[in-house]
Peer 1: 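This is the structure I have questions about; it appears just below.
Remember, it's a predicted structure, so these values are computed and weren't measured experimentally. Values below: all heavy atoms of this structure, side chains included; hydrogens, waters and symmetry mates excluded.
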Amino acid sequence: MRILLAEDESGVAQFIKKGLEEENYTIDVAVDGEEALLFVATQTYDLIILDVMLPKYDGFEVCTKIRQGGNSVPVLMLTARVAVKDKVQGLDSGADDYLTKPFSFDEFLARIRSLTRRQSSGMPELVVGTLRINLQSHRVFLEQHEIDLRPKEYGILEYMMRNKGYILSRTQILENVWGYDFDPSTNIVDVHIKSLRKKIAEFSEQKFIHTKRGMGYRIDLPEG
Ligand code: CA
């Protein structure tokens, strides 16, 4: 799952990013309201987390503009203010939920699960043949065996399974799993794909991940 976080305090942003990455989410960080809107205009997110106090456009304005553009992506507002007026304003601007800083990370994760569950309702699992992943628990199974994946391996698998049958380029995979925080010359995608294949091969001789030379990778029903 891919999340946009708009937060101008870099310490807070890095803390949240690291915590969410450990839970297998992919995070892009925008440092002000203008950048957040640019990300929203060019990328697809499963959730947007908006700090209220942001430079250029504040969180309320960003949320209003997102909704004006017809985008119904779930929005979680983070506010240091506790005034009822602000909470009402947040919800009026089109936010789905809000959380007051400081918050417990467990509660934060629970809110995120709840908001993304609403978005993907009826689709708690992705399945390709005998391979299945649970989008809520982030657990992966091949037949009855659980496969233990590292966060980015899980991210790649989820992204590929959401786009079953389509060839995905390295750049697409980098953008969707690592966010914008990557070096385009890296071979990190190939390294992770190799490791994923190896972990799948521990339980099955079937080949799920196919290479299209010069184009990228595709996940599909096993051949043969
Ligand atoms: Ca702020």
Side-chain angles (χ1 to χ4, degrees), residues 1-80 86 89-101 103 105 107-121 123 135-136 138 151-152 154-156 158-160 162-163 168 171-184:
M1 290 220 183
R2 194 165 180 202
I3 296 176
L4 175 65
L5 168 67
E7 167 63 78
D8 58 314
E9 288 162 67
S10 65
V12 177
Q14 288 314 308
F15 172 74
I16 292 176
K17 181 175 159 77
K18 187 165 177 287
L20 292 181
E21 282 177 345
E22 281 168 8
E23 299 293 321
N24 295 345
Y25 294 102
T26 300
I27 315 297
D28 285 330
V29 177
V31 298
D32 60 46
E34 194 175 77
E35 190 177 44
L37 287 169
L38 186 68
F39 274 111
V40 172
T42 54
Q43 304 296 322
T44 302
Y45 293 102
D46 299 291
L47 175 71
I48 297 175
I49 302 168
L50 292 175
D51 185 32
V52 169
M53 299 296 282
L54 284 174
K56 298 192 180 171
Y57 298 115
D58 69 24
F60 301 133
E61 291 171 309
V62 172
C63 191
T64 302
K65 285 175 191 291
I66 289 170
R67 295 298 183 234
Q68 279 170 350
N71 191 335
S72 62
V73 60
V75 172
L76 173 62
M77 289 272 199
L78 301 181
T79 171
D86 289 333
Q89 192 183 351
L91 296 171
D92 277 352
S93 72
D96 298 279
D97 201 359
Y98 61 85
L99 200 53
T100 305
K101 290 184 194 174
F103 50 79
F105 212 78
E107 183 181 2
F108 182 54
L109 290 174
R111 300 284 183 107
I112 290 173
R113 281 194 298 271
S114 163
L115 287 166
T116 54
R117 186 157 51 229
R118 259 178 255 165
Q119 181 78 341
S120 60
S121 60
M123 200 183 61
L135 296 172
Q136 290 302 319
H138 295 168
K152 296 304 184 197
Y154 174 86
I156 291 175
E158 183 188 310
Y159 177 57
M160 293 188 85
R162 281 178 186 275
N163 295 282
L168 301 167
T171 306
Q172 283 176 304
I173 295 171
L174 278 169
E175 277 192 15
N176 279 278
V177 178
W178 275 264
Y180 271 97
D181 211 7
F182 67 85
D183 164 11

Peer 1: From the options L47, I48, V73, T26, select the one residue that forms a side-chain contact (heavy atoms from CB on, under 4.5 Å) with I3.
Peer 2: L47
Peer 1: So do L109 and L20 actually touch side chain to side chain, heavy atoms under 4.5 Å?
Peer 2: yes
Peer 1: I'd like to know if R67 pairs up with D96 as an ion pair, taking the criterion as any Lys NZ or Arg NE/NH1/NH2 lying under 4.0 Å from an Asp or Glu carboxylate oxygen.
Peer 2: yes
Peer 1: Any chance you could measure F39, atom CZ, to D28, atom CG, to the nearest 0.5 Å?
Peer 2: 5.0 Å
Peer 1: Work out which heavy atom in P74 is nearest to a heavy atom in D46; give both atom names and the distance.
Peer 2: CD-O, 3.3 Å
Peer 1: Taking all non-hydrogen atoms of both residues into account, name the closest pair between D8 and V31 and its distance.
Peer 2: CB-O, 3.3 Å
Peer 1: Would you find a donor on one side and an acceptor on the other, under 3.5 Å apart, between the side chain of E175 and the backbone of Q172?
Peer 2: no
Peer 1: Can you give me the closest heavy-atom contact between R2 and T44, atom names plus distance?
Peer 2: CD-O, 4.0 Å
Peer 1: Can you measure from CG (D58) to OG1 (T79) and round to the nearest 0.5 angstrom?
Peer 2: 10.5 Å
Peer 1: With a sphere of 6.0 Å drawn around OH of Y159, does it hold more than 12 non-hydrogen atoms of other residues, nucleotides or ligands?
Peer 2: yes
Peer 1: Any side-chain to backbone donor/acceptor pair from T64 onto F60? Under 3.5 Å, distance only.
Peer 2: yes
Peer 1: Give me the one residue out of V75, I49, L76 that meets side-chain contact (heavy atoms from CB on, under 4.5 Å) with D97.
Peer 2: L76
Peer 1: Nearest 0.5 Å please: distance from the OH atom of Y25 over to the CD1 atom of I16.
Peer 2: 13.5 Å
Peer 1: Given L78, which of D51, V12, L50 fulfils the side-chain contact (heavy atoms from CB on, under 4.5 Å) condition?
Peer 2: D51
Peer 1: Under 4.0 Å between a Lys/Arg side-chain N and an Asp/Glu carboxylate O for K17 and E21?
Peer 2: yes
Peer 1: Nearest 0.5 Å, what's the CH2-CD1 distance between W178 and I156?
Peer 2: 4.0 Å
Peer 1: Specify the closest pair of heavy atoms between L4 and Y45, including all atoms of both residues, with the distance to one decimal.
Peer 2: N-CD2, 3.5 Å
Peer 1: May I ask you to say whether E23 pairs ionically with R113, meaning some side-chain N is under 4.0 Å from a carboxylate O?
Peer 2: no
Peer 1: Would E158 and R162 satisfy salt bridge (charged side-chain N to carboxylate O under 4.0 Å, His left out), going step by step from the backbone distance to the final call?
Peer 2: CA-CA 6 Å; E158 183 188 310; R162 281 178 186 275; 2.9 Å; yes
Peer 1: Do K56 and E35 come close enough that some side-chain heavy atom pair is under 4.5 Å?
Peer 2: no
Peer 1: Taking only residues two or more places apart in sequence or in another chain, which ones pass ring-ring contact (aromatic ring centres under 6.0 Å, His included) with F105?
Peer 2: F15, F108
Peer 1: Do the non-hydrogen side-chain atoms of E9 and K101 ever get within less than 4.5 Å of each other?
Peer 2: yes
Peer 1: Any idea which heavy atoms bring L37 and Y57 closest together, and the distance?
Peer 2: CD1-CD1, 3.7 Å
Peer 1: If you compare all heavy atoms of C63 against all heavy atoms of G94, which two are closest, and at what distance to 0.1 Å?
Peer 2: SG-C, 3.5 Å
Peer 1: Any chance you could measure N176, atom CG, to M160, atom CE, to the nearest 0.5 Å?
Peer 2: 12.0 Å
Peer 1: What distance do K65 atom NZ and S93 atom OG have between them, rounded to the nearest 0.5 Å?
Peer 2: 12.5 Å
